[in-house]
Amino acid sequence: LAIDLGDTYFYIDSLDRAKAMYREALRYYEGSGDLRAIVEQQYKLGQCHLTGGEYEPARREILKGLAQLVDGTVTDYGNVNPASVKDVDLFGQGLANAGFVDFTEGRERKDVRGLLNALQLVQKSVDVLDARKGSVLTGTQTESEAVKNVNAYRLLVDVASALFGATRDERYFGLAFDMSEKSRAASFVSEVGSQLITKLHDPKVKELAEATSRLIEEGKNQPEALTLDLTSLGQGTRGIGTKGGGSRDGDEKTRSQYEKIVTRLSAENNKAAQLVTVNTLTLSSVRSLLLENEVLINYYVSIDKLYAFGVSTSGVIMKTIHWTPEDVSGKVEAYRAAVHDLQKNDYAVLGQELYDSLIAPLGAFIEGKRLIAIPSGRLNSLPFAGLQNKGEFLAERYETSVLPNASTLQFVRKEKKLPGAPSVFALGNPDNPRVSRLPGAEKEVGQVKSIYPRSLIHFGEQATETIA
């Protein structure tokens, strides 16, 4: 009851009452042996102090929680061997929490030393959590969620981006870029890969499919996993959420078995392992795949802002767009709705606004180049080619393509030229009672026919599998 009251007080910005309830809960759990509950309350106390801008008390409470997880006195938790801690997942989250305090303070005070301290802690957190292969199935938050319970990858993107902005050192740009790719991959594993692996009929991965199903099921049966909560509500920043967090004792055997199977399949180069592991290209590898006339724009929706990481063979650029994830969703949805009513001028106004924010800041860096856009979050639903500047569509000025992530560039590098007058086979809204109709699909297919007259198109009941 004390914990629930504390959570309620916290979310209505009654921080003193929240702290009193968390301390009451700590008194109850003292001597109980429930390590996780004790550490969680320490983290929550730190969260209350951080929300109130009290950095030292916030840091002190989080360090008290971390101290519960190790034996002896520790002065530098960034150098602790994870194998020696009592709860690896809780330790990894604690490192991220402590790093978030340093990051918030360092960013506010423009203190590079504080940002570097944050980098060390959050990087260690990522390393610790990365080693737990199974946790990506049960703990990673989908990237499309409304920035509540954000993972450590996303926090590392913010820290590295802040350091690049302060120092212009490309090492930090590379780290931010690489972590944005890892975050996307982790979201895919959490959201899609774990579902696909259970549907594969390859006998070599049957054992993995069974272990994956067990791990996911055991994760569902436990309380909500401990996560970061960086949502802005009321008094400034929401630091580090720790609501929930179940014991990992029950699934350790399954997790160990799962990790051994993934390691073995990876060694055998079995592609199924790619569905449940986070393997991405680094910035240097991506740049090596780009052509001289190309610019890759990696958009990444973070905690309270949107980054545009521009990459070419000759340089890099980073622009920050001060849109929250909710802002991004609202603007994309408004534009998508507007393009279905071309009698009004709303689509042009909104398209210009999106162009001014997403494309124009890159200026001379993209001039005369072929653009490769990598969306993030709700930007995945944005038709980039339809953005416009002074009545000119983006596709009219730039050859533009969109990829789900930068790592897929390695699979599309073989240039294939279309014939001069290609024929296209296109279907618009096939008749399917199980799904809703896609607005604008039939109009889009009709436009294909007007551009490529030799095309074969079908709509509705005519768009059948037999025709295909």
Side-chain angles (χ1 to χ4, degrees), residues 115-116 119 122-123 126-127 130 143 153-189 274 277-302 305-321 357-377 379-380 382 384-385 387 394-395 397-417:
L115 294 176
L116 289 171
L119 180 67
V122 181
Q123 180 71 74
V126 167
D127 292 343
D130 264 353
E143 192 177 5
Y153 289 134
R154 184 165 290 178
L155 178 55
L156 190 51
V157 172
D158 277 321
V159 176
S161 297
L163 279 166
F164 176 68
T167 67
R168 314 313 298 177
D169 187 329
E170 285 194 19
R171 291 178 300 171
Y172 301 126
F173 180 97
L175 180 58
F177 183 96
D178 294 349
M179 285 303 108
S180 71
E181 277 292 285
K182 273 200 168 188
S183 180
R184 283 192 186 87
S187 295
F188 171 82
V189 169
Q274 297 176 11
T277 53
V278 179
N279 296 311
T280 57
L281 294 182
T282 62
L283 173 64
S284 59
S285 297
V286 169
R287 291 181 73 176
S288 70
L289 291 169
L290 289 174
L291 304 178
E292 288 189 7
N293 68 329
E294 291 179 328
V295 168
L296 182 143
I297 311 172
N298 173 10
Y299 293 100
Y300 188 72
V301 179
S302 189
K305 59 179 67 68
L306 168 65
Y307 296 108
F309 299 109
V311 179
S312 71
T313 57
S314 58
V316 299
I317 189 174
M318 182 187 80
K319 294 296 180 179
T320 302
I321 300 115
S357 298
L358 300 176
I359 305 299
L362 297 166
F365 190 80
I366 63 172
E367 191 60 40
K369 302 289 187 179
R370 176 186 178 190
L371 306 185
I372 303 173
I374 312 294
S376 171
L379 287 179
N380 281 289
L382 179 66
F384 279 86
L387 305 186
L394 182 67
R397 184 169 184 179
Y398 298 99
E399 183 180 347
T400 307
S401 57
V402 179
L403 292 177
N405 56 67
S407 296
T408 55
L409 193 62
Q410 61 188 310
F411 304 115
V412 297
R413 274 297 68 174
K414 292 183 179 180
E415 298 291 334
K416 294 183 178 180
K417 299 292 184 181

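Atom set for the values below is all heavy atoms of this structure, side chains included, hydrogens, waters and symmetry mates excluded.
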Go through the steps for Leu116 and Leu163 under the test side-chain contact (heavy atoms from CB on, under 4.5 Å), then give the verdict. CA-CA 8 Å; Leu116 289 171; Leu163 279 166; 3.9 Å; yes
Can Glu170 and Val316 be said to form a side-chain contact (heavy atoms from CB on, under 4.5 Å), step by step? CA-CA 8 Å; Glu170 285 194 19; Val316 299; 3.7 Å; yes
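Asn298 and Ser180 share a donor-acceptor pair across their side chains, judged by distance under 3.5 Å alone.
Annotation: ring-ring contact (aromatic ring centres under 6.0 Å, His included) contacts of Tyr398 (sequence neighbours excluded): none. With sequence neighbours excluded, the residues forming a side-chain hydrogen bond (donor to acceptor under 3.5 Å, both in side chains) with Ser285 are Thr282, listed by chain and number. For Tyr307, the side-chain hydrogen bond (donor to acceptor under 3.5 Å, both in side chains) partners are Asp158, not counting sequence neighbours. Ser312 meets the side-chain hydrogen bond (donor to acceptor under 3.5 Å, both in side chains) test with Ser314; sequence neighbours excluded. Asp169 is linked by a side-chain hydrogen bond (donor to acceptor under 3.5 Å, both in side chains) to Arg171, counting only residues two or more places apart in sequence or in another chain. Residues satisfying the salt bridge (charged side-chain N to carboxylate O under 4.0 Å, His left out) criterion with Glu292, sequence neighbours excluded, are absent altogether.
Side-chain atoms of Val311 and Ile317, non-hydrogen and from C-beta on, never get closer than 4.5 Å to each other. Taking 4.5 Å as the limit, every side-chain heavy atom of Lys182 sits out of range of all side-chain heavy atoms of Arg154.
One finds the CG atom of Leu175 at 10.5 Å from the CG atom of Leu283 (value rounded to the nearest 0.5 Å). Put simply, CG on Leu289 and CD on Glu294 are 9.5 Å apart, with the number rounded to the nearest 0.5 Å. Between the CD1 atom of Ile366 and the CG atom of Leu296 there is a distance of 12.5 Å, given to the nearest 0.5 Å. Once rounded to the nearest 0.5 Å, the distance linking CG of Leu306 with NZ of Lys319 reads 13.5 Å.
Without hydrogens or angle criteria, Arg184 side chain to Pro375 main chain gives a donor-acceptor distance under 3.5 Å. Proximity of a side-chain donor or acceptor of Ser183 to a complementary backbone N or O of Met179 within less than 3.5 Å is not detected. For the pair Asn405 (side chain) and Thr408 (backbone), a donor-acceptor distance under 3.5 Å is present. Distance alone, capped at 3.5 Å, places no donor-acceptor pair between the Thr400 side chain and the Ala395 backbone. Of the possible donor and acceptor atoms, one in the side chain of Tyr299 sits under 3.5 Å from a partner among the backbone N and O of Leu358. Side chain of Glu181 to backbone of Asp178: no donor-acceptor contact under 3.5 angstrom is found.
For Phe177 and Tyr172, the distance between ring centers is not under 6.0 angstrom.
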